[in-house]
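Values below: every heavy atom of this structure, side chains too, minus hydrogens, waters and symmetry copies.
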Protein chains: 4
Amino acid sequence: MSPRTVDKAARRKEILTAAVRVFARKGFAATRIDDIAAEAGIAKGSVYLYYDSRDALLEAAFEGYRTMSAAIFDRALNGRGPALERLAEMVREVLGVLTARREPARIMVDLWAASRDAEGSLVDMAAVYGDARAVITELLRQAAKEGVLREGLDERHATVIVGTIEGCLLQCLVDPGLPAAELAEPIIQIFLEGLRRPAA
Amino acid sequence: MSPRTVDKAARRKEILTAAVRVFARKGFAATRIDDIAAEAGIAKGSVYLYYDSRDALLEAAFEGYRTMSAAIFDRALNGRGPALERLAEMVREVLGVLTARREPARIMVDLWAASRDAEGSLVDMAAVYGDARAVITELLRQAAKEGVLREGLDERHATVIVGTIEGCLLQCLVDPGLPAAELAEPIIQIFLEGLRRPAA
Amino acid sequence: MSPRTVDKAARRKEILTAAVRVFARKGFAATRIDDIAAEAGIAKGSVYLYYDSRDALLEAAFEGYRTMSAAIFDRALNGRGPALERLAEMVREVLGVLTARREPARIMVDLWAASRDAEGSLVDMAAVYGDARAVITELLRQAAKEGVLREGLDERHATVIVGTIEGCLLQCLVDPGLPAAELAEPIIQIFLEGLRRPAA
Amino acid sequence: MSPRTVDKAARRKEILTAAVRVFARKGFAATRIDDIAAEAGIAKGSVYLYYDSRDALLEAAFEGYRTMSAAIFDRALNGRGPALERLAEMVREVLGVLTARREPARIMVDLWAASRDAEGSLVDMAAVYGDARAVITELLRQAAKEGVLREGLDERHATVIVGTIEGCLLQCLVDPGLPAAELAEPIIQIFLEGLRRPAA
DNA sequence: TATGAATGAGGCTTCATTCAT
DNA sequence: CATGAATGAAGCCTCATTCAT
């Protein structure tokens, strides 16, 4: 065993976790490398042994988010049970993150802001939302096959569903007083039934 | 109001417009006072004759956004016709902005990011969304009175509606290929009817 | 006249002069932007209003050197009198610089070091020496036409002449005790007569 | 001397060789301890077991250069044959180094630059050139005794001779296209005969 | 009021050196 | 002896803001 054994991968993750915490607390723009180093309990220069730049840390945070999203998408696509039930579960899962890990979730706004600079941006939220829409489109297709959907639904409805989830997230992020988890059922209800009183 | 004052106000607005254009183009974080001055066709120092700081310009942009939102809210609340129709119109209006003035709309992501820094932030999106939920809650109340709503709707449903609108906006901002305006009808449809095939 | 009139070109030159003084004193590698700013009596940031980088200042110093060299070359090529006399005068001129402006001349060593990094280097001493050799080759050609040269001289002899001048400069730079100006005559003598006792 | 000591010395030399290679390739200023360690095939920290600092490596490189020079000087002073022939041989030897070991020779420019920082500099090229002048002065003295030199030569002529050699080296370093070895004969010729057509 | 040159605090990043293993 | 992770001082450069004209 070589001297001063360190698990590089573990240390990388530690630093990333620290960075995400600080991003969540102060926002990416206001986060200094010093802050991250302090949060991780290491020297400023050491951050650079594991990440090339401040931007690289945001990118890594995005990768983490992406991985988590992919797992959720995967469960929705390949899970068991009726498609609409899996959609409902996906809604609950996404909003559940806000409750379980509220702080880390706050980096979302920075990811959105970073992703706006289109070309060359290391944070490609468009791709994530594209994936999300594809997943939901597929769920709708399966649900249609199961015969439980009304006619005339298309890709735009998938966009609306993704939008609903993300928009609820957004509001909860911006206004910490809102009860994220409690929004899951109203969302599902609206998707399923709409608001209108059923014709008699 | 003296002509002098009018000029001053006009110049203020010019600078703000220029600033918003640059914010939209490059993002707030990457926008330099020089960029704004150049866009406005004035000298850098002159910006400070009208705004106290770079942040003040983002704040002003937020005020503009707030004013526009208030107008939309006002039309929805005090307009004519059935409440649900006014809700639908409001959806169309909000998404229409993305089509009509796509570029300026891109400052939304910066407003979200700026608003995340809770206390003391000059950008209080939580308040806007609070207003939005209040408006929609009221519309739902009116619609209920009109007898067209199902039972058991509450404030959380208002949150979901606001979320849907903003989440669709978000996707369109992050992925310019999406057709914002075309989302209005699916949104309304989902709100009204849900996705489920009506019981026979 | 616009407010705060400054002659940008003059200021540029002031800063360059200050930079060259500091380069000469401490060497390029040890020179900090702060040093240059202090020497120029301005703030650190102001340096960047006139030069893009520390390297750009060395490049500018090189340009200055190049311009001076070109003037000397021009006088040698287009002056009056026999070619060998013009060559002698050129030798005196080059070494005279060391006496007249000893300090600035000390940047030569940094120019040599900077130029060694071949491709992409902003300091191309090879080009200057190429020019010098071309000038001297032409002087030798003229002198040959005048019938005063021995047979068999070629481009390599021009290289040697350039080498002699630069090598003397080098020694004088490295050892400030040496009398640069006094080397001109021995150089000329060796070029003309060689060291060997004339055949009887 | 224990084998242990031999190993240590060998390792020191390996590291120095590696360092010189890198200095030659990238220049001293751009050379990192990592580069040297990599070139030597050891860990970065190990470099410090053999040398106290990065500067110490340049100093050691200088010592190596000094030793080589001293050997050349010694051969010139104590060799056999006429003094002028030994001078000619010395010229050939110095320029031959550029051909035989072109890369290591490139550290010369860094030595010049390092030596310019006068007091306290670890690289004292002035001393080397002083030695060189002393050697050549002695050779001239011997040649004068042999009766082959013209009258009136003095220390300044020695300076010019050293200058010629070093200046040719300089040009070859700065412009790799030049044929160092081929300059030896023209140098010797100029020294001996000068450029001028012999009086009839 | 308008200008734009000047300022200087502050951030990112580099890298020589140290030191625990 | 060897290692290479960790350190943190130091330097380059940026840019919001100021201010003399």
Residues 36-48 of chain A side chain polar contacts: donor-acceptor under 3.5 Å, at least two apart:
from	atom 1	to	atom 2	distance (Å)
A/E39	OE1	A/R25	NH1	3.4
A/E39	OE1	A/R25	NH2	2.7
A/E39	OE2	A/R21	NE	2.6

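Atom OH in C/Y51 sits roughly 17 Å away from atom P in F/dC12 (whole-Å rounding). Atom CD1 of A/I42 and atom P of F/dA6 are 7 Å apart (whole Å). One can place CG of D/D52 at 13 Å from C1' of E/dT18, the figure rounded to the nearest angstrom. As rounded to whole Å, 14 Å separates atom C1' of F/dA2 from atom CD of D/E14. Residue B/R12 contributes atom CZ, which lies 13 Å from atom P of E/dA2 at whole-angstrom precision. In this structure, CG of C/D55 is placed 13 Å from C1' of F/dC13, rounded to the nearest angstrom. When the P atom of F/dA5 is taken as reference, atom CG of D/D34 falls 11 Å away, rounded to whole Å. D/I36 has its CD1 atom 16 Å from the C1' atom of F/dG4, to the nearest Å.
For B/L49, the side-chain atoms get nearest to E/dT3 when compared with the rest of F/dC12, E/dT3, E/dC15. Distances from the side chain of C/S46 to the nucleotides E/dA6, F/dA6, F/dT3 place E/dA6 closest.
Salt bridge status for B/E14 with B/R11: present, with a side-chain N to carboxylate O gap under 4.0 Å. A salt bridge links B/R116 with A/D110: at least one charged nitrogen is closer than 4.0 Å to a carboxylate oxygen.
A donor-acceptor pair under 3.5 Å is formed between the side chain of C/Y51 and the backbone N or O of C/R12.
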Exercise for the section: Using Watson-Crick or G-U wobble pairs with both distances under 3.5 Å, give me DNA chain F in dot-bracket, 5' to 3', with [ ] for crossers and | for pairs to another strand. Expected result: .||||||||||||||||||||

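A close approach under 4.0 Å does not occur between any side-chain nitrogen or oxygen of D/R11 and OP1 or OP2 of F/dC1. Contact check, A/R54 against E/dT13: no side-chain N or O comes under 4.0 Å of OP1 or OP2.
When all heavy atoms are compared, the tightest approach of D/L57 to D/A19 is CD2-CB, 3.9 Å.
In this structure, C/I33 reaches the sugar-phosphate backbone alone: every heavy-atom distance under 4.0 Å involves primed, P, OP1 or OP2 atoms, never a base. Nucleic acid contact for B/Y50: sugar-phosphate only, since backbone atoms but no base atoms lie under 4.0 Å from a heavy atom of the residue.
Take the nearest nucleotide of DNA chain F for B/R32 and for A/G41: the residue whose nucleotide is more 5' is A/G41. Across the interface with DNA chain E, nearest-nucleotide mapping of C/A43 and B/V47 shows B/V47 to be the residue nearer the 5′ end. Residue D/G45 is the one, among D/G45 and C/S53, whose nearest nucleotide of DNA chain F lies closer to the 5' end (criterion: closest heavy atom). In terms of position along DNA chain E, the nucleotide closest to C/K44 lies nearer the 5' end than the nucleotide closest to the other residue of the pair D/Y48 and C/K44.
The CG atom of D/L49 sits 10.5 Å away from the CG atom of D/D52 when rounded to the nearest 0.5 Å.
For A/R101, the CZ atom sits in a loose shell: 12 or fewer heavy atoms of surrounding residues, nucleotides or ligands are nearer than 6.0 Å.
Evaluation of the side chain to side chain donor-acceptor pair (under 3.5 Å) rule for A/K26 yields A/D35 as partners, not counting sequence neighbours.
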